[in-house]
Amino acid sequence: MLSNLRQLFRYRALVQTLVVRELKARYRGSVLGYFWSFVNPLLLLLVFSFVFTYIMPRGEDVNIKPYAVFMFCGLLPWTWFSSSLMDAANALIINGNLIKKVMFPAEILPVVSVISNMVHFLFGLPILIGFLLYYSIPLHPTELVWFPVVVSVQFILTLGLAMVLSALTVHFRDIKDLLANLLTLWMFASPIIYPMSFVPEQAKGFMDLNPFAHLAISYQEIFFYEGPFGHWKWLIALAFAGSVLFLLGYWLFDRLRDSFAEEV
Amino acid sequence: MAAIELDHVTKVYRRHGHSRRYATLKSALLTGSLARDLRPEESFLALKDVSATIRKGVTYGVIGRNGSGKSTLLKLVAGITKPTSGAVRVNGRVSALIELGAGFHPEISGRENVFINGVMLGLSRREITNRFDEIVEFAEMEDFIDAPVKTYSSGMYMRLGFAVAINVDPDILLVDEVLAVGDEGFSLKCLDKFSEFKRRGKTILLVTHGLSMVERFCDEALWIESGQKRLVGDPKRVVQMYLSDVELAEDLLLAAQDAKAQQTPVSAAPEVVAPGPVESVAEPDHVPQPAPEPGAEVDSESETESADEDAQPDNMFVAKEGRWGSGGVRIEQVTLEGDHGPAHVFHTGERMTIRMRVNAPQEVDDFAFGISIFSGDGVCCYGTNTHIEEMTSRWLQGEATVLFVIDQLDLVGGTYKLDVAAHKRDGFSYDYHRLLYTFRVKSRTKDVGIYRPRHAWSFSDNVHFKPDTGDSAEALAGDQALAAIDPSTPAAEDSPTE
């Protein structure tokens, strides 16, 4: 397994090529092209802020001032997270001809799913920065140092889940449909459209078990809330948990690898 | 030194029952076989204990019927799947021409896809840049390389895929039936490329149904049959053995078909047939009427019976298989025999005997026997009967044997069908078997038409041919060609192949 992991690193040229292919193919033929990477999160943000400031205006109660910015802090990484998992679950099946007909390192496919969605995430950041500037919310360099850490933690965590999902979907196609609904539930169970202060006391413990809650809070603390970054203990714990999950996921993937060519 | 080594390789495919169980759930409940169907999995033995050593620089052909495990073998060598037991050892860089253009993305241009595909096959970007022009030129894609791949024709797609794969410059090239790529010109280019590989001492593993390819290109050939090694060695010999085995199987298949064709009408005909048929209504050109839909078996029988066909050539063209007649004389069994007993596959020029076992329950004095041979597309090649040949019948009773011996079956290669009949001299049918018997004629010469007259070419002194070029030499003298084929047939039978 370790030698396989090392091989994964050797294939970085292939990963890079495939990510570029994915990005190129994604918007090929559309008028706006790459611009969609910006427009997509922007439109999503508009929809959500319209719903939650005009239709269900609860944000006003709790004094989260520019609600749109608050929500964007959680929504942007969530989109990365959820699209990665959805793509990864399909990755092996869609690229079945690669696995069946060519000697191809299958684990690259979930990696490509996660990385290409990360690129979209990074494209969305300038919009967030624009909002922060517009509302003149100050950014503190000491907090920004944590940003790459949060991104890395989210990356390893997402990758671990992506490995598990992509390997299992080959055997259980039902996962695809289940996953879409599960992710919707997960989103509403995470402090993305509401702040942690909304969460009732008895549900807090449950929230602590939700890995994405910690990620969302971390992003919010870095970009939105005043004061020093206070969530780092949770973040480091999550980094460990994410690494373990990744290793477990990779182990599972490796175990099932031989069945892919026959089952896809 | 061995480039590829297969060491007692066994591959078992497990079929997990998901979809199958769905499909059969209803029937499972109905037939009560649920318990059996819920067994976790079914296994399929694709390869069974295959060992082979492929030396470096050798072009190695693998032949065998569909589903015999050829492609599985290739996939094992390519590392796409792993053997269930045993080991596969490969020394050197492998490029597999199994699925051409696998991983091409339809939305992006050919140019970008070449790079991506190259990286997938293990080239670095710089290597691809260096070979890019060569790849595009080889694929004959100069004009379209910047168009998205989805706009390519399937031939273009394959050509580009082939060009990339062949330019990976592998030590070992795996080829699976990909020479059907593109037009004649491109195929020749591919063959040239293979020859070049051979010259440079690369190892090629070729899986194909193109037996002539194997004979011409390969240094060694392996024949696998239902997952097992049947024969390995000199390609000419292996192909020869394989061919005679295929013939044998064809023979069995035709025999089974014949048996089936004879069974269905035999049971129906005697009951349907009325004893007093309207005679001499045979209208030579009422084609649509007695050629009914195959669905209406019983009706058609009585209809055609009343129309009363017999061995008259005009009606022969209303080619519809079936059996009818009053049953006054019954043809109970028809066997085709070659020199070595019953057969369904003959070679051009061989002897063929049609053996009929007939039975007349009561004595008859007015009878004639006839046969005619039809080509696969329904053209009557030859028809005759004892009446035409001016044999006057006297009497017949009880079981009898009728032999029709064709000394030299001078037909060109193809599938033929046979009519046999027992009828009155005026044409009234006792027992008419229309197109119920099938035989196949094999020929090494690809001559055309129906009939091959015995012939010979001769030339004046200033006309010269190369002395020994397989095909044309055989065309020159059918007899010699046959002599060359014949010994192989018994050889196939006594070869203990395992």
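- Counting non-hydrogen atoms of other residues, nucleotides and ligands closer than 6.0 Å to CZ of Arg93(B) gives a total above 12.
- Proximity to chain A is limited to the side chain of Lys11(B), based on heavy atoms less than 4.5 angstrom apart.
- Atom CZ of Arg126(B) has 12 or fewer neighbouring heavy atoms from other residues, nucleotides or ligands inside a 6.0 Å radius.
- Annotation: Lys193(B), atom NZ; neighbour count of heavy atoms from other residues, nucleotides and ligands within 6.0 Å is above 12.
- In the displayed structure, Arg89(B) atom CZ is contacted under 6.0 Å by more than 12 heavy atoms of other residues, nucleotides or ligands.
- One distance of note links CG of Asn117(B) with CG of Leu98(A); it measures 8.5 Å at 0.5 Å rounding.
- Interface with chain B: from residues 11-21 of chain A, residues Ala13(A), Leu14(A), Thr17(A), Leu18(A), Arg21(A) qualify, criterion being any non-hydrogen pair under 4.5 Å.
- The CD atom of Glu22(A) lies 5.5 Å from the NE2 atom of His105(B); values are rounded to the nearest 0.5 Å.
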